[in-house]
Amino acid sequence: MKRIISLIVACAAFNFVFGQCTPNSNSLNFNGTSAYVNITNQNLDITDSITVEAWIYSTQWGATVAQNSIFCKHGWSSTQGGYVLRAGGNGQLSFNFQGVDPGGLNVGWIDDSTYGAPALTLNAWHHVAGTFDGTELKVYVDGILAQTKAFTGTIGTSTAYSPRIGALSDPVNGPGRYWKGNIDEVRVWHRALSQSEIAANMNNHVDTATAVGLAGYWRMNEGTGTTINDISGNGNTGSLVSTVWATIVPFNTIPPIPIITWLGTDLTVNTTLAIQWYFNFNPIAGATSNIYTPTQNGTYTVVVTNTAGCTRTSPPFNLTSAGIYENQNTTGATVYPNPANGNDNITFTIPEADKNLSLTITDLSGKTIACVTTDGIKTDKIILTDSNLKKGVYFYKLSGDKANRIGKLVVE
């Protein structure tokens, strides 16, 4: 007599994400002629150490390198001052500011550009950053240092110009220098980040609870409305002008929701991420593989963790005893050898011969790897010859008039 275990899948998943582990759901699209974000708070008038970074997706470059403003807080109609990160011309990135020498003299625009370096490409996401530490300007493309320029001094003050994303800050001069394409995840820091910091953070949301020197941070995940929030805590709210919300994004920090599947006598989850199984919401010691064989009824969940340290929890699976039945068709299959070698002949045997016997091998994702039938020949076994199965865990199903057996096959 055998217990049959039935499954009830709870309707709702539970998952808690915060800080850097929030979904990246939206970006902003700029039309290249009139769209921009205006930021009115003036605590971004940074004159010493600074980093400006963003993800960009350009659909058309401007005529010169001075076009295509990404984040701008500079101008010259009132007074010369400020800084700008931009990518124009044929895809040249530049970080530019009004320089002030150690004696307090304005010395003109200091420009660190990626001339001579591989250009940015259209219709592709790139992470770009510009830094200044008081002695050097640096520009980075996709976390890699692209160019360095020496300058000792400070940045000219820019209180006369409100920061803008996607356009020139100066409302009088220039044709607007608008961005055409998408911008996401804009950050301004009141310090010069190192290359390792830029590379480590570019594909993740920044955790504002632990970030040092974060002056402005716009994730652009609102997805609706006419404002974007500065989550740095400094109140640099942005007002949208002619921009359009988009759902294409350069990265998503949180992993997809893992789904538990019942196969034979095991619970499985299809993921390549780090795994921890839970029973009644308590971790199961040592249960860290894609497969877990339950030994008692209750609620099972799995938590996956990606390389960013962000987690996602599966919907709960509830296992309960449905009754006591005798079912000859769920027992009696043997597999030899098991574990097997990928080059072995593997024999699947049932207690009683069946003329319509078939064998199906699937991987953990449910993809069929092999399928063999007896074509009406009465037999109690199927031999999988020269299986060539890669190392891993598989599931087999023997089906027929008198057979319905599911089990696990391990290939070492």
Side-chain angles (χ1 to χ4, degrees), residues 1-7 9 258-275 277 279 284-297 300 302 314 317 319-412:
M1 306 293 286
K2 305 199 179 292
R3 283 182 174 270
I4 293 180
I5 297 177
S6 65
L7 303 177
V9 182
I259 301 298
I260 297 174
T261 302
W262 176 260
L263 287 174
T265 59
D266 300 311
L267 295 172
T268 70
V269 62
N270 180 30
T271 182
T272 58
L273 302 178
I275 296 168
W277 288 91
F279 175 66
I284 303 170
T288 57
S289 68
N290 291 70
I291 299 173
Y292 180 72
T293 303
T295 59
Q296 54 187 319
N297 296 313
Y300 289 87
V302 67
S314 70
F317 264 62
L319 275 65
T320 59
S321 294
I324 299 175
Y325 299 95
E326 185 72 28
N327 192 330
Q328 297 293 336
N329 286 337
T330 61
T331 61
T334 60
V335 180
Y336 183 81
N338 189 14
N341 182 284
N343 297 320
D344 285 338
N345 292 339
I346 307 172
T347 302
F348 301 81
T349 306
I350 57 174
E352 186 177 351
D354 194 314
K355 69 176 182 179
N356 291 310
L357 190 61
S358 66
L359 169 69
T360 302
I361 306 291
T362 59
D363 63 15
L364 290 178
S365 70
K367 179 182 177 182
T368 299
I369 304 301
C371 186
V372 181
T373 63
T374 59
D375 293 325
I377 299 173
K378 194 171 184 178
T379 181
D380 64 350
K381 68 184 64 175
I382 289 180
I383 301 175
L384 189 63
T385 60
D386 298 325
S387 61
N388 292 318
L389 294 174
K390 296 180 180 179
K391 183 183 297 185
V393 178
Y394 300 86
F395 292 95
Y396 69 86
K397 181 177 182 180
L398 288 164
S399 302
D401 295 335
K402 300 179 180 180
N404 184 20
R405 290 152 175 95
I406 300 174
K408 181 169 60 178
L409 171 66
V410 177
V411 177
E412 296 180 338

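Because the structure is a prediction, the values reported are computed rather than measured.
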State, with a plain yes or no, whether a side-chain heavy atom of [X] is found less than 4.5 Å away from one of [Y].
| X | Y | value |
| --- | --- | --- |
| Y300 | I284 | yes |
| F348 | I361 | yes |
| N270 | I259 | no |
| L389 | L409 | yes |
| T268 | F395 | yes |
| W277 | V269 | yes |

Using 0.5 Å steps for rounding, measure from the [atom1] atom of [X] to the [atom2] atom of [Y].
| X | Y | atom1 | atom2 | answer |
| --- | --- | --- | --- | --- |
| Y396 | N338 | OH | CG | 7.5 Å |
| Y292 | F317 | OH | CZ | 15.5 Å |
| T360 | L398 | OG1 | CG | 8.5 Å |
| N345 | T385 | CG | OG1 | 5.5 Å |

Least distance between heavy atoms, [X] atom then [Y] atom:
| X | Y | result |
| --- | --- | --- |
| I260 | S314 | CD1-OG, 3.4 Å |
| P337 | I346 | O-CG2, 4.0 Å |
| P294 | D266 | CD-CA, 4.3 Å |
| K391 | E412 | CE-C, 3.8 Å |

**Request:** Go through the steps for V393 and N290 under the test side chain to side chain contact (heavy atoms under 4.5 Å, CB included), then give the verdict.
**Result:** CA-CA 9 Å; V393 178; N290 291 70; over 6 Å; no
**Message:** Show, in sequence, the C-alpha distance, side-chain angles and deciding distance for L384 and V372, and conclude whether the side chain to side chain contact (heavy atoms under 4.5 Å, CB included) test is met.
**Reply:** CA-CA 8 Å; L384 189 63; V372 181; 3.9 Å; yes
**Prompt:** Going by the side-chain hydrogen bond (donor to acceptor under 3.5 Å, both in side chains) test, which pairs reach into residues 374-383, not counting sequence neighbours?
**Reply:** T373-D375
